[in-house]
Amino acid sequence: MPSIKAEALTIEFPLYHHNARSLKKRLFEGATRRVKRDAESRVVVAALAELNFTIGKGERVALVGSNGAGKTTLLRTIAGIYEPVAGRLSVEGEIGSLIDPGAGMNPLLTGRENIVLRGLYRGMSEKDGRALADEVAEFSGLGEFIDLPIRGYSAGMNVRLSFAMATAITPEILLMDEWFLAGDADFMAKAEERLTRLVTGADILVIATHDMAIVRQWCTRAIKLDSGRIIADGPVEEVLGPAD
Amino acid sequence: MSATHPHLRVFDASDPRRASRAGADLREGLGKWRLAAALAWGDIKHRYRGSVLGPFWVTLTTAAMVVALGFFYSHILKVDPGTFFPWLAISLILWAMVSQAVTDGAECFTSAESVIRQLSLPFTVHVLRCILRNLLVAAHNLPLIVAVMFLFDISPGIGVLAFIPGFLIFVCNAFWAAFFLGMICARFRDIPPIISSLMQLCFFITPIIWMPEQLGDNAHWLLFNPFNAIMETMRAPLLGRPLEVGVWFAAIGFTVLLWIVAQAFFTRFRGRIAFWV
């Protein structure tokens with residue numbers, strides 16, 4: 001059964017400010033004792049500090065907190081991009097990530113080629129990728145533009161393509177960074193319906209957002225982060241307080 | 001106990017099981033070769049955007065370099081142009097492939113930064129993409145090799161098949177070199193320029209624009225030059241030169257050494273790459 005379980009999950013970012021990163025600096029650090037000691041006490045940012053939580057099937061969780069609280073880092077860690085430096089994380093279920101829907105697109109390839117490429121990223125065969133491309137092409141409503149290189153697309157067309165592409169497959173665990181909805185009025189209505197299906201179709205939703213209206217509308221639980229720590233965890237009403 | 005889910009992923013920092021994770025990365029990464037090939041093809045397309053001659057620029061520049069250096073150096077070094085020209089042509093073409101594999105491989109992770117930070121993929125995919133991209137570029141010079149063999153009437157006969165194991169040794173080295181250098185360059189950003197100047201030095205101390213025979217009694221020192229060993233296993237079969245057992249042993253020895261070091265490095269630091277890029 002899909003679930004996410006974190007026990008004392010910790011992520012630390014080594015901070016390589018522009019000089020500390022160079023080999024020259026390292027070599028000279030070796031030469032003098034005093035600086036060497038500085039090097040050993042490396043500057044790290046505790047992005048996530050000993051998080052404990054369990055998310056089970058059917059839960060729709062909002063990660064809230066100010067900028068830099070660790071929301072996106074936590075999403076990336078659940079997605080498997082960052083490996084924890086301490087603690088334990090177990091994720092059961094197929095992950096679909098909308099952290100950056102445009103990641104990995106090649107501007108010189110056509111819309112259709114980019115969809116097939118996305119399919120390959122997700123581990124599909126080329127044949128399934130082409131079937132996906134037909135479906136996405138239709139939903140995006142890009143018409144003949146789908147067979148042109150995407151560098152010629154307008155910003156709105158780009159958004160429609162990445163939205164259609166990212167929401168074409170319903171995963172078991174859906175990770176989102178900010179509620180992802182854009183386009184003109186026509187497309188918006190279509191997109192909203194599709195997003196609803198995606199969110200309700202997934203077994204688990206984890207979304208990082210600043211938009212409390214979204215949290216109240218969609219989520220069953222909120223986890224509030226501050227400086228990489230959980231400061232509140234519970235039903236939305238409890239964490240955010242009653243709606244105004 | 002319930003049946004394990006097909007998509008179960010557990011990471012426990014107190015029991016990182018690095019070796020099995022690195023192994024899984026390699027397996028899954030190689031399994032995604034279609035993705036790597038599609039990405040490499042996209043890179044090639046990117047390269048030729050807006051270019052009239054497209055891929056043939058590479059072929060033309062190499063041809064121009066071979067002709068110019070061929071006349072010049074056969075005169076300076078006082079060697080027979082009939083022997084020197086094909087030697088220089090094949091050597092330059094192979095060197096272009098080898099040095100490209102090193103300098104481009106060094107940036108295999110840093111150049112994929114945007115993907116690494118957004119999508120969870122085996123790191124092997126980025127290495128494979130880099131290797132395939134470089135092989136596609138190297139293939140541009142294949143017509144030159146054929147032209148040289150035709151013009152200078154070189155018919156290596158069945159011995160040319162020995163090129164295949166030589167080439168495989170090269171691919172293996174390029175693969176592990178990309179892992180090793182790619183990781184170091186992701187961590188320390190001043191390494192790539194160091195590598196390119198070292199490669200320039202290696203160009204001069206490796207028999208490319210001169211022939212090993214000119215070293216006389218000192219030629220055995222060449223066995224310690226990994227670039228010479230790797231290139232010679234591909235070059236000798238193409239030129240129909242006699243195969244030296246020592247060169248093959250050296251090439252295999254260097255390969256195994258690099259493999260061990262690179263895989264150990266990858267196993268230890270794989271989890272850090274996402275933080276480094």
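So that the names make sense, note that chain A is the first sequence line, chain B the second, and so on, each numbered from 1. Everything numeric in this text was worked out from a predicted model, so none of it was measured.
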Would Trp276(B) and Phe269(B) count as a ring-ring contact (aromatic ring centres under 6.0 Å, His included) here? Give the steps. CA-CA 10 Å; Trp276(B) 286 344; Phe269(B) 292 110; 5.7 Å; yes
Need one label for Arg151(A): side chain, backbone, both or neither, based on atoms under 4.5 Å from any heavy atom in chain B. side chain
Of the backbone (N, CA, C, O) and the side chain (C-beta and beyond), which part of Ile116(B) lies under 4.5 Å from a heavy atom of chain A, both, or neither? backbone
State whether Phe275(B) and Arg272(B) meet the cation-pi test: NZ (Lys) or CZ (Arg) under 6.0 Å from the six-membered ring centroid, and within 45° of the perpendicular axis. yes
Measure Asp100(A) against the heavy atoms of chain B and call it side chain, backbone, both or neither at under 4.5 Å. both
If you tally heavy-atom pairs under 4.5 Å between each of Gly87(A), Ser3(A), Ser97(A) and chain B, the highest tally belongs to Gly87(A)
If you count heavy-atom pairs under 4.5 Å between each of Glu28(B), Lys32(B), Arg117(B), Arg270(B) and chain A, which one has the most? Arg117(B)
Tell me whether the rings of Phe170(B) and Phe167(B) are parallel (<30°), tilted (30 to 60°) or perpendicular (>60°). tilted
Under 4.5 Å from any heavy atom of chain B, what part of Ile78(A) do you find: side chain, backbone, both or neither? backbone
Please classify the contact of Leu117(A) with chain B as side chain, backbone, both or neither, using a heavy-atom distance under 4.5 Å. both
Selection from Ala86(A), Gly104(A), Ala79(A) maximising heavy-atom pairs under 4.5 Å formed with chain B: Ala79(A)
Does Phe53(A) offer a backbone N or O that forms a donor-acceptor pair with the side chain of Lys5(A) under 3.5 Å? no
May I ask you to decide if the ring planes of Phe227(B) and Trp95(B) are parallel, tilted or perpendicular, using 30° and 60° as cut-offs? perpendicular
So which part of Arg21(B) gets closer than 4.5 Å to some heavy atom of chain A, the side chain, the backbone, both or neither? side chain
Pair Asp147(A)-Thr110(A), side-chain donor/acceptor within less than 3.5 Å: no
Is it the backbone or the side chain of Ile95(A) that comes under 4.5 Å from a heavy atom of chain B, or both, or neither? side chain
So, Glu50(A) and Thr10(A): side-chain donor and acceptor under 3.5 Å apart, yes or no? no
Could you look at Leu119(B) and say if it's the side chain, the backbone, both or neither that has a heavy atom under 4.5 Å from chain A? both
Bottom line for Glu7(A): the part with an atom under 4.5 Å from chain B's heavy atoms is neither
Side chain proximity check, Glu94(A) to Ile173(A), heavy atoms < 4.5 angstrom: no
